[in-house]
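Computed from a predicted structure; not experimentally measured. Order of the sequence lines sets the chain letters (A, B, ...), proteins ahead of strands, with each chain counted from 1.
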Amino acid sequence: MTDLLGPAVSPATVAEAEAAQEELRARVELVSGLRGWPVTVAGLDVSYEAGSSRVAAAAVLIDVATLATRESAVVTGTASFPYVPGLLGFREVPILLEALAKLTDRPDVLVCDGYGIAHPRRFGLACHLGVVTGLPSFGVAKTAFTATFEAPETERGQWSPLLDGAETLGRAVRTQSDVKPVFVSVGHRVTLDEATDLTLALSPHYRLPEPTRRADALSRAALRPAGQDARRVSPPGG
DNA sequence: GCGACAG
DNA sequence: ATCTTGTCGC
């Protein structure tokens, strides 16, 4: 089928992808589109198979107040774009959209595994997904990327700014006391304060927010043959 | 020029 | 991301 949207959706080269990001960044809205505290949030994540291009994407819809899982969807497919730092969106957005489409209810906000605005061209995965879906979104990354930061105080809830010179791109947030911080940045139609508060509300027990934790587990399990979940098969030596 | 580099 | 054994701790 003809790709009517061109490079903005499926770039053929790194140069085209970077150019597309420069175009798409103009569509990011740095104001809140939330109507008060959200009722539901969808956590998203993608898992990869070792020596192949097979991937699995999961979307888990969670009730923010109770953290109960309302519904979840998982889909397997093939990665159509290589991993290139700064271009993660082109690799994961397509299959994540498929997983999102399988959800019955529309989430109030998306939580992504990676960065939003704290990106070389200010258009990380969370911005990409937000712009394409029109939904509020933000990212929670596990490791540092482009910005500089000082370690936040060690108590849960403490944070320090992610900086690029004088520009604030996000926050290093301590979701658990004495545990490495996570990196929160805005994606689309969400403020940094909202993203920070949500990250903390969604991470009562572990370092990572429940939505992305559950999406990670689901996508990972989807790559395993049926019947081998949480069980060891063909142990070395018989 | 060289290294580092979300997932 | 994934490859990997044991180990310390709640």
Side-chain angles (χ1 to χ4, degrees), chain A residues 14 17-18 21 24-25 28 43-60 74-99 110-131 137-149 156 162-164 169-173 175-188 195 199 204-209 211-225 228 230 232-237:
Chain A
V14 165
E18 292 176 345
Q21 288 185 327
L24 292 169
R25 63 185 288 185
V28 171
L44 307 164
D45 193 30
V46 178
S47 287
Y48 300 81
E49 189 171 70
S52 76
S53 57
R54 208 163 86 86
V55 302
V60 179
V74 62
V75 54
T76 58
T78 301
S80 54
F81 198 86
Y83 170 68
V84 179
L87 300 179
L88 184 62
F90 295 101
R91 182 170 172 77
E92 302 197 338
V93 164
I95 193 150
L96 283 174
L97 288 178
E98 288 183 40
L110 305 177
V111 187
C112 307
D113 198 326
Y115 285 92
I117 212 76
H119 173 278
R121 286 166 295 282
R122 308 295 184 260
F123 195 73
L125 174 64
C127 298
H128 204 144
L129 266 172
V131 163
S137 67
F138 65 95
V140 180
K142 300 180 290 296
T143 61
F145 189 26
T146 53
T148 62
F149 69 100
R156 167 183 154 83
L162 294 182
L163 304 169
D164 181 3
L169 300 180
R171 290 174 183 164
V173 179
T175 54
Q176 297 299 319
S177 296
D178 303 310
V179 171
K180 285 189 304 181
V182 294
F183 305 92
V184 178
S185 58
V186 160
H188 184 59
T199 295
H205 302 309
Y206 302 98
R207 178 184 179 228
L208 300 178
T212 44
R213 273 192 78 245
R214 292 176 200 176
D216 174 80
L218 188 56
S219 61
R220 193 177 316 231
L223 285 181
R224 295 302 164 203
Q228 292 193 18
R232 187 171 59 137
V233 174
S234 304

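- In terms of phosphate contacts, A/Tyr83 brings a side-chain nitrogen or oxygen within less than 4.0 Å of OP1 or OP2 of B/dA6.
- For A/Tyr48 and B/dA6, the OH to P distance is 12 Å, given to the nearest whole Å.
- What separates CD1 of A/Ile95 from P of B/dG7 is a distance of 18 Å, to the nearest Å.
- Side-chain atoms of A/Ala50 lie closest to C/dT2 of the nucleotides B/dA6, C/dT2, C/dA1.
- Using a 4.0 Å heavy-atom distance criterion, A/Leu87 is classed as a base contact.
- Rounding to whole angstrom units, CG of residue A/Leu129 and C1' of B/dA6 are separated by 13 Å.
- Backbone-only engagement by A/Ser47 is indicated by non-hydrogen atom pairs under 4.0 Å involving sugar-phosphate atoms exclusively.
- In this model, the phosphate group of B/dG7 is approached by a side-chain N or O of A/Thr143 to a distance below 4.0 Å at OP1 or OP2.
- Looking at heavy-atom distances under 4.0 Å, A/Ala144 makes contact with sugar-phosphate atoms alone, never a base.
- When each of A/Phe145, A/Phe149, A/Phe138 is paired with A/Phe183, the ring pair (Phe, Tyr, Trp, His ring centres under 6.0 Å) condition holds for A/Phe149 and for no other.
- Under the 4.5 Å side-chain criterion, counting only non-hydrogen atoms from C-beta, A/His119 is in contact with A/Gln21.
- Taking every side-chain heavy atom of A/Arg224 into account, C/dC3 is the closest of B/dA6, C/dC3, C/dA1.
- Counting non-hydrogen atoms under 4.0 angstrom, A/Gly86 reaches a base of the nucleic acid.
- Relative ring orientation between A/His128 and A/Phe123 is described as tilted, the plane-to-plane angle lying within the 30° to 60° band.
- Nucleotide B/dA6 holds its P atom 17 Å from the CZ atom of A/Phe90, rounded to whole Å.
- Distance CZ (A/Phe145) to C1' (B/dA6): 5 Å, rounded to an integer number of Å.
- Here the C1' atom of nucleotide C/dA1 and the CG atom of A/Asp45 are 9 Å apart, to the nearest Å.
- Between A/Lys142 and B/dG7 there is a side-chain polar atom (N or O) within less than 4.0 angstrom of OP1 or OP2.
- In this structure, A/Tyr83 has its ring center at least 6.0 angstrom away from the ring center of A/Tyr48.
- Nucleotide B/dA6 holds its P atom 17 Å from the CG atom of A/Asp216, rounded to whole Å.
- Going from atom CZ of A/Arg220 over to atom C1' of C/dC3 covers 12 Å, rounded to whole Å.
- Note: A/Phe81 and A/Phe90 have tilted aromatic rings, judged against thresholds of 30 and 60 degrees for the angle between ring planes.
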